[in-house]
Amino acid sequence: MYQTHAHPLVSPAQAVSPAQSVAPYTSVSSIDPYVVEALRRLTGRCVCFETTRGGIEGTIIDVKPDHVLLQLSHNRQACVRIAEIVWTMPL
């Protein structure tokens, strides 16, 4: 005859949801230091970016390794991911 072993019961407080068992989401993007430096030299200048979603114009306020902060018209700002920029043109 087969012998069965009793398995301890898991209380609802100890149960793990599917979301908890998945590793946390991590984003990976490459940083091009040459592009970042070129954009930093344009800080304070009005530029036109062509992105994968279309064109955008504004004055560069700040440049981080992964994004650029633009001052748009009417006191609005936009954060543009550098990975989405196709080309840049100073105005």
Q: Could you see if Val86 belongs to whatever hydrophobic cluster contains Met89? Use Ile, Leu, Val, Met, Phe, Trp, Tyr and a side-chain cutoff under 4.5 Å.
A: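 Yes, it is one cluster - the side chains of Val86 and Met89 are joined through contacts under 4.5 Å.
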Q: Quick one: list whatever passes side chain to side chain contact (heavy atoms under 4.5 Å, CB included) with Val36, sequence neighbours left out.
A: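 Side chain to side chain contact (heavy atoms under 4.5 Å, CB included) list for Val36, sorted by chain: Ile31, Arg40, Val63, Ile82.
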Q: Between Val68 and Asp62, is a side chain to side chain contact (heavy atoms under 4.5 Å, CB included) present by the stated rule, with each step listed?
A: CA-CA 6 Å; Val68 178; Asp62 194 14; over 6 Å; no
Q: Which value, rounded to the nearest 0.5 Å, describes the distance between Leu69 atom CG and Ile61 atom CD1?
A: 4.5 Å
Q: Considering residues at least two apart in sequence or located in another chain, which fulfil the side chain to side chain donor-acceptor pair (under 3.5 Å) criterion with Glu57?
A: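 Glu57 satisfies side chain to side chain donor-acceptor pair (under 3.5 Å) with no other residue.
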Q: Once salt bridge (charged side-chain N to carboxylate O under 4.0 Å, His left out) is applied, what residue pairs with a partner in residues 82-91 remain, sequence neighbours excluded?
A: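 Output for this query lists Arg81-Glu84.
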Q: Taking all non-hydrogen atoms of both residues into account, name the closest pair between Ile60 and Leu39 and its distance.
A: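 In terms of heavy atoms, the two residues are closest at CD1-O, 3.9 Å.
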Q: Indicate, with yes or no, if Tyr34 and Ile85 share a hydrophobic cluster defined by side-chain heavy-atom contacts under 4.5 Å among Ile, Leu, Val, Met, Phe, Trp and Tyr.
A: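 No; Tyr34 is not reachable from Ile85 via cluster members.
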Q: Mind checking what makes side chain to side chain donor-acceptor pair (under 3.5 Å) contact with Asp32, not counting sequence neighbours?
A: none
Q: Tabulate below the donor-acceptor pairs under 3.5 Å that side-chain atoms of residues 44-51 make, not counting sequence neighbours, or state none.
A:
residue	atom	partner	partner atom	Å
Thr51	OG1	Arg53	N	3.1
Thr51	OG1	Gly54	N	3.2
Thr51	OG1	Gly54	O	2.7

Q: Please report, to 0.1 Å, the donor-acceptor pairs under 3.5 Å made by any side chain of residues 71-79, with sequence neighbours excluded.
A:
residue	atom	partner	partner atom	Å
Gln71	OE1	Gln77	NE2	3.3
Gln71	NE2	Arg76	O	3.1

